[in-house]
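The structure under discussion appears below in the form of structure tokens.
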Amino acid sequence: MSSQPLSKTACPLPPLGMDALSLRMDTCHYLLRTLGAEETAEPANSVYTALAMSLRDRLVERWKNTQKKVAAESGRRTFYLSLEFLLGRAMGNALLNLGLEDAAREALTREHRELVDIMELEPDAGLGNGGLGRLAACFLDSCASLGLPVTGYGIRYSYGMFRQEIRGGEQVEEPDHWLRNGCPWELKRPERVRRVHFFGRSDGYHDAQGRFHQRWVDTHDVLAVPYDIPIPGYRNEVVNTLRLWRATATDIFDLGEFNAGAYPEAVAAKNNAEHISMVLYPNDSSENGKELRLRQQYFLASASLQDVVADWVAIHGEDFRNFAKHHCFQLNDTHPSCAVPELMRLLMDEHGLNWEEAWDITSHTMAYTNHTLLPEALERWSVRLFRQLLPRLLEIIMEINARFLQEVAWRAPGNTGLLQRLSIIEEGDEQMVRMAHLAVVGSFSVNGVAALHTRLLCEDLFADFHHLWPKKFNNKTNGVTPRRWLQWANPGLRDLVTERIGPDWKHDLERLRDLEPAADDAKFRKRWAEVRRANKERLAALVHQHTGVTFIRDALVDVQVKRIHEYKRQLLNALHVIHLYDRIKRGEANQVTPRNVLFAGKAAPGYFMAKRTIKFINNIANVINHDPDTEGLLRVSFLPDYRVSLMEQICAATDLSEQISTAGKEASGTGNMKFMMNGALTIGTLDGANIEIRDAVGAEHFFLFGLNAEEVSQLRGHYNPELYIQADHDLARVMDLLQSGYFNAFEPGIFDPIVHAVTHPHDPWMVLADFTSYKIKQREAADVWHDQTEWQRLSILNTAASGIFSSDRTIAQYNTDIWHLTPLVMTP
Ligand code: 26W
């Protein structure tokens with residue numbers, strides 16, 4: 001017998017079968033032997049868990065191989081740091097990427113179960129708010145699919161994005177306890193626990209060689225326990241890692257308190273530590289300065305960097321000369337930007353490097369992605385809070401700032417205005433740390449997420465920085481993963497496309513261009529329309545089930561789904577719906593094109609106007625849907641609890657995609673890309689990636705309206721909403737109807753804040769300024785809808801032109817310009 005531990009010997013296990021029978025055997029094994037289910041009546045939930053475990057085994061097999069390969073090649077690696085990963089469900093993704101969809105379906109049929117029903121039992125992993133979190137999830141899929149050694153680092157929130165219920169037309173938030181039944185996809189790694197410091201003070205001392213150092217002492221520590229989730233590539237045998245940290249107390253009880261007889265206080269300390277990973281902050285685009293949020297941010301940055309540095313030290317000891325050559329940290333917005341001072345701290349305080357050495361490494365490994373221009377979303381933390389919670393970090397930030405400002409003063413002597421504008425510390429009643437400035441100063445790359453957004457970053461938000469370091473700034477237009485958003489969400493379209501142009505597009509989405517000639521093929525158009533009609537029937541059933549609203553058959557499906565925010569202008573859409581209703585009521589029914597208007601999205605719990613907008617939409621829907629005059633012409637619904645798994649059904653069934661933000665406000669948008677990929681036409685402003693969508697599909701195939709970003713900023717200060725009401729009789733009627741209380745007959749005054757907001761000269765979103773051109777474009781869209789041949793042609797051309805919005809293209813660009821990673825090639 002060999003004395004080697006099992007893990008050191010060559011693996012004696014044969015590879016797992018990738019056929020229906022093997023999958024069925026394993027699923028039965030887990031069901032009966034691990035979960036102890038009754039053979040006669042196993043609950044569906046156990047079937048889900050057992051199948052998930054069988055799939056996870058197959059992922060783990062490839063995971064180990066990928067890890068071995070990464071270790072053997074010891075090349076450069078990227079670490080994607082994000083407070084949010086909006087993964088959604090994992091099962092469908094694993095089946096698709098492993099190529100096990102048919103096998104699983106067959107295996108379950110033999111157990112008299114339907115795969116679709118089993119998959120519905122998986123709760124969404126909703127560890128994100130919206131675009132930024134979902135982008136992180138799409139990026140992980142693309143990195144694995146391109147074979148790039150990229151590891152995600154995030155927080156394992158016990159409660160993800162709240163569940164939204166609608167009661168009396170209003171949003172009610174319910175906790176999302178997604179881990180209630182456990183998560184079969186994660187593996188806990190207790191042996192890789194890290195210790196994260198808080199509070200205490202910074203202390204100077206001289207080492208044995210007489211060198212002066214700082215150290216962080218008298219800290220209150222929290223443990224970070226990693227849970228790993230496998231991220232499979234698309235049919236390439238690669239499995240990357242998403243490592244999520246959970247916070248726990250250092251000891252079950254604080255012994256000091258315990259011995260002093262303070263049992264409740266001792267247990268409270270444990271709870272306090274665990275609060276850090278308890279709940280995702282449900283704010284999207286508004287920063288609220290809560291201490292717990294800063295704790296989360298530092299917790300993620302510190303645990304992740306310690307993890308990476310420990311791996312380096314295990315191989316290279318204390319020699320950090322090549323560290324920067326081997327590592328890149330991509331910061332998903334400023335949320336993880338404590339990583340800049342934290343890497344400085346680890347290198348100096350824990351590994352003895354001097355400032356220059358540590359700065360050289362830090363400023364050559366950090367890269368920052370900005371996702372928003374909205375001033376209210378730019379993170380600032382008070383110096384006072386920083387000093388209390390992270391005293392050693394604040395000291396380092398102050399030093400980074402002092403050295404940076406010295407460099408600026410050297411380059412632009414006497415320009416104190418410039419120094420003030422650039423400073424990481426904002427002066428005022430209360431000093432604040434500007435996290436975006438910290439991220440820009442500490443990074444070698446700063447990127448925006450669409451061409452317009454990056455231009456505005458360079459010209460406005462970061463103009464002074466851009467002037468200083470023009471080469472640091474670059475654009476990376478967002479993308480979405482075509483595995484989840486086309487292949488998985490729309491199998492009918494997937495198979496039709498493959499039948500027409502072959503399967504190459506599955507590995508290179510730009511090949512969808514080969515579909516263009518099919519737009520002029522009547523038979524193909526008919527089949528295209530049939531696939532989409534089936535998708536629409538599925539969506540109609542879902543909407544009926546959750547809202548009671550019955551969609552009009554064969555009517556235009558007009559959809560706006562995204563976070564509820566004033567800048568996204570759900571109100572503009574709602575006002576247009578009122579206008580359509582008004583036309584029906586005033587006797588133009590025969591000129592109104594039948595439509596189903598669908599809204600969905602969550603409002604931040606503290607965002608009054610967003611919540612009132614939800615109520616507004618629901619009241620409008622209620623009046624319209626119950627008025628017999630609208631029968632067969634107009635249906636309006638608000639689908640509750642918008643989330644990743646709902647979007648999978650919605651995007652495949654949408655005819656008209658609403659992308660109507662005030663120009664210059666939406667950094668990119670990614671829902672717009674999901675709709676386009678699935679053959680929706682877009683009605684939109686010249687904002688974010690809409691501009692690039694329109695360029696890709698051709699201006700004549702896009703319903704453009706509204707002011708552009710320059711016109712919006714020129715109008716600011718002179719905007720007069722009254723003028724627009726006077727100039728458009730239809731708009732005046734809409735406002736009159738609204739003000740008459742027609743949509744709030746028993747709730748007097750509740751929509752006054754909405755009327756007030758859109759009629760105020762300071763309305764930053766200029767809703768009424770774009771109403772008339774929006775109305776006209778909507779009518780044009782309705783006219784095209786009447787010509788179904790033309791609509792289906794445009795639908796096909798939209799899908800055909802959507803290839804560049806694959807996140808594979810985005811990630812390839814990150815890699816070429818920022819990461820410089822060598823793809824892994826795995827042999828099966
Ligand atoms: C600190 C509070 C907070 C939380 C989240 C501020 C800002 C955010 C995000 C930046 C909000 C967000 O999700 N931004 C979206 O990012 C997407 C991916 O790049 C873009 O497509 C969207 O246009 C942008 O709004």
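Just so it is clear, the model here is predicted, and its values are computed rather than measured. Both ligands and their constituent atoms are indexed starting at 1 by order of listing.
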Legend entry - Greater than 12 external heavy atoms within 6.0 Å of Arg716's CZ: yes
Legend entry - Cationic tip of Arg156 above Tyr227 ring, under 6.0 Å, 45° of axis: yes
Within a distance under 4.0 Å of any heavy atom of [X], pick out the atoms of ligand 1 and give their elements.
X: Tyr567; answer: 25 (O)
X: Ala667; answer: 23 (O)
X: Asp333; answer: 10 (C)
X: Asp284; answer: 11 (C), 12 (C), 13 (O)
X: Val449; answer: 19 (O)
X: Gly669; answer: 20 (C), 21 (O), 22 (C), 23 (O)

Legend entry - Any donor-acceptor N or O pair under 3.5 Å, side chains Gln659, Glu666: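 Checked: Gln659/Glu666 side chains show no N/O donor-acceptor pair below 3.5 Å.
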Legend entry - Between Glu566 and Tyr607: side-chain donor-acceptor atoms closer than 3.5 Å: yes
Inset, instruction - Report yes if some N/O of Asn478 lies less than 3.5 Å from some N/O of ligand 1; otherwise report no. - result: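 Indeed, backbone or side chain, Asn478 has an N or O that close.
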Legend entry - Glu84 N/O to ligand 1 N/O under 3.5 Å: no
Protein heavy atom at shortest distance from [atom]:
atom: atom 8 (C) of ligand 1; answer: Ser285 N, 3.7 Å
atom: atom 13 (O) of ligand 1; answer: Leu132 N, 3.0 Å
atom: atom 1 (C) of ligand 1; answer: Glu379 OE2, 3.7 Å
atom: atom 23 (O) of ligand 1; answer: Glu666 OE1, 2.6 Å
atom: atom 2 (C) of ligand 1; answer: Ser286 O, 3.5 Å

Inset, instruction - Applying salt bridge (charged side-chain N to carboxylate O under 4.0 Å, His left out), name anything that partners Glu459, two or more places apart in sequence or on another chain. - result: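 Salt bridge (charged side-chain N to carboxylate O under 4.0 Å, His left out) list for Glu459, sorted by chain: Arg455.
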Inset, instruction - With Glu658 as reference, evaluate Gln778, Gln560, Arg569 under the side-chain hydrogen bond (donor to acceptor under 3.5 Å, both in side chains) test and give the passing residue. - result: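 The passing option is Gln778.
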Inset, instruction - Pick, from Asn129, Leu378, Asn283, the option with the minimum heavy-atom distance to atom 4 (C) of ligand 1. - result: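 Closest candidate by heavy-atom distance is Asn283.
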Legend entry - Pick from Arg134, His335, His371: the one approaching atom 5 (C) of ligand 1 most closely through a non-hydrogen atom: His335
Inset, instruction - Please work out which of the three classes, parallel, tilted or perpendicular, describes the rings of Phe465 and Phe462, given edges at 30° and 60°. - result: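 Judged by the thresholds at 30° and 60°, the geometry between Phe462 and Phe465 is perpendicular.
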Which atom pairs, one a donor and one an acceptor, fall under 3.5 Å between side chains of residues 126-140 and the rest of the protein, sequence neighbours left out?
from   : atom 1 : to     : atom 2 : distance (Å)
Asn129 : OD1    : Arg563 : NH1    : 2.7
Asn129 : ND2    : Glu84  : OE2    : 2.9
Asn129 : ND2    : Tyr281 : O      : 3.0
Asn129 : ND2    : Asn283 : O      : 3.2
Arg134 : NH1    : Leu86  : O      : 3.1
Arg134 : NH1    : Leu87  : O      : 3.2

Inset, instruction - Answer yes when Arg483 and Asp141 have at least one side-chain N-carboxylate O distance shorter than 4.0 Å, and no when they do not. - result: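 Salt bridge present between Arg483 and Asp141.
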Legend entry - Sidechain N-carboxylate O distance under 4.0 Å for Arg163, Asp641: no
